[in-house]
Amino acid sequence: MPELPEVQTVVNYIRPILIGEKVKSITPLWPKVFHNFSDRDLQKKINGEKIIEVLRRGKFIVIQFKKVIMAIHLRMTGKVYYLNKNNSISKHTTALFTFESKNQLVFDDVRKFGRLYLYNSLEPLNKCLGPEPLSNDFSLDLFSELLKGRKRNTKALLLDQSILAGLGNIYVDESLWKSGIHPNSISNVIPAFRVKKLYKNIKNILTDAINKNGTTIIDFSVNGESGKYTNDLQIYNRNKLDCFHCKNKITKIRVAGRGTHICLKCQKIYNRKNKNVEPT
DNA sequence: AGGCGTTCCTGGGGGC
DNA sequence: TGCCCCCAGGAACGCC
């Protein structure tokens with residue numbers, strides 16, 4: 001499940017090679033992969049155009065051209081990699097980018113949820129996405145306001161891309177565990193010191209994960225590098241194993257429709273009744 | 001407003 | 001071994 005660190009890893013990988021490339025064609029091998037545009041739009045707006053910049057916004061990979069942007073969302077199983085002489089496109093390829101240099105970029109997606117988007121600018125993405133957790137604009141005050149301004153299940157809120165952009169199931173579980181907050185806590189009654197912890201942990205965990213090329217195994221055909229943050233996971237995917245803090249067994253529950261890993265001893269539920277009670 | 005169920009997909013795991 | 005069923009999940013959407 002590519003989240004912010006995994007998408008950043010992909011961007012770091014493809015950016016230096018993509019910049020300066022001119023698009024010859026983009027072939028949809030799965031018809032639904034073009035989300036909001038047609039072949040004709042491509043011919044008018046992308047084909048022959050040069051790639052100026054490649055960046056990340058939330059979980060989107062953004063390829064910037066002079067007048068338009070193409071956004072790629074990997075959803076759960078999407079992968080982007082270069083095609084070289086030694087490999088062939090897999091049967092799960094949903095789109096194939098061909099450049100005038102004859103280089104080719106593959107968009108591979110087993111479950112076919114990933115999509116390509118065409119926009120005139122970043123604005124449509126900015127409109128539906130919250131702040132970047134690693135940007136300077138994302139202050140503790142802003143984060144506190146986001147939590148206090150709503151009476152919502154905390155995990156659901158952190159997964160909501162319009163509130164905060166880039167977190168997914170893995171990093172929400174990790175951040176909440178490290179901050180001692182139960183995912184079913186109500187966002188507006190979490191005490192300030194816990195909010196501060198959560199704020200710092202989100203930043204630290206994401207930064208750490210980026211430095212280790214993320215968690216999801218990314219099978220690049222060129223350099224074979226895979227995400228090393230897998231070894232650093234403290235709570236995610238550790239159902240029935242010992243909590244690293246208190247040695248209690250980790251449990252798996254459902255929160256906001258997602259499989260959720262928690263330590264019942266370390267993570268405190270905050271709601272109206274017990275907001276002043278601290279964990280033992 | 002927010003919670004919840006449904007939809008999109010396929011590989012893989014559990015049960016028999 | 002084989003087969004069937006169901007589950008995993010990010011985000012959009014409709015409903016309550």
Side-chain angles (χ1 to χ4, degrees), chain A residues 1-10 28-37 56-62 71-80 89-95 107-119 124-130 132-133 145-176 182-190 206 209 214-219 227 230 233 235-240 251-262 269-272:
Chain A
M1 298 135 265
E3 305 177 29
L4 189 155
E6 290 75 34
V7 177
Q8 188 64 55
T9 301
V10 174
L29 299 180
W30 166 256
K32 293 181 186 174
V33 74
F34 291 177
H35 185 261
N36 66 337
F37 60 94
R56 181 193 57 75
R57 177 72 175 97
K59 297 177 197 169
F60 288 90
I61 299 163
V62 177
I72 305 174
H73 201 304
L74 303 172
R75 291 289 178 100
M76 267 111 64
T77 54
K79 284 174 185 157
V80 171
I89 61 168
S90 89
K91 63 172 181 175
H92 302 302
T93 299
T94 55
F107 183 21
D108 186 283
D109 188 4
V110 171
R111 292 191 206 163
K112 298 187 171 75
F113 289 169
R115 295 289 184 271
L116 301 179
Y117 305 79
L118 185 62
Y119 296 118
L125 291 184
N126 287 333
K127 249 186 174 172
C128 61
L129 293 175
E132 285 293 325
E145 278 171 35
L146 292 174
L147 293 176
K148 277 184 187 150
R150 289 148 239 269
K151 226 187 238 183
R152 280 183 75 178
N153 175 287
T154 301
K155 177 156 182 176
L157 182 132
L158 293 173
L159 287 171
D160 187 336
Q161 301 299 299
S162 70
I163 302 288
L164 187 59
L167 289 179
N169 207 31
I170 297 171
Y171 295 106
V172 167
D173 277 11
E174 292 293 315
S175 302
L176 287 172
H182 193 293
N184 277 332
S185 297
I186 307 301
S187 59
N188 66 336
V189 294
I190 300 172
L206 291 177
T215 298
T216 311
I217 306 297
I218 301 164
D219 190 19
T230 317
L233 294 177
I235 189 92
Y236 184 82
N237 215 16
R238 299 195 63 247
N239 187 29
K240 293 178 184 170
T251 50
K252 189 175 178 184
I253 58 171
R254 280 192 89 74
V255 180
R258 310 288 151 78
T260 300
H261 306 80
I262 50 163
I269 280 216
Y270 293 103
N271 56 37
R272 196 164 292 171

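Note that the structure is a prediction, hence the values are computed from the model and not measured.
Remark: the backbone N or O of A:G58 is paired with a side-chain donor or acceptor of A:E132 at under 3.5 angstrom. With A:D173 contributing its side chain and A:H261 its backbone, the two residues share a donor-acceptor pair below 3.5 Å. Judged by distance alone, the side chain of A:T154 and the main-chain N or O of A:N184 form no donor-acceptor pair under 3.5 Å. Looking only at distances, no side-chain donor or acceptor of A:T94 sits under 3.5 Å from a matching main-chain atom of A:W30. Side chain of A:K59 to main chain of A:L167: a donor-acceptor pair is present (N/O by atom type, distance under 3.5 Å, no hydrogens or angles).
Side-chain contact check for A:D108 and A:S90: at least one donor-acceptor pair (N or O, by modelled atom type) lies under 3.5 Å.
Classification of the A:H35-A:Y117 ring pair by plane angle, with boundaries at 30° and 60°, yields tilted.
Within 4.0 Å (heavy atoms only), A:D109 reaches no atom of the nucleic acid at all.
On the nucleic acid side, DNA chain B has its first and last nucleotide under 4.0 Å of a heavy atom of chain A at B:dG2 to B:dG11, going 5' to 3'.
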Item to complete: Could you encode protein contacts along nucleotides 9-16 of chain C as a string, one character per nucleotide from 5' to 3', using B for base contact, S for sugar-phosphate-only contact and - for no contact, with a heavy-atom cut-off of under 4.0 Å?
Response: BBB-----
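Scanning all heavy atoms of the two residues, the minimum distance from A:P28 to A:V33 falls at CB-CG1, 3.8 Å.
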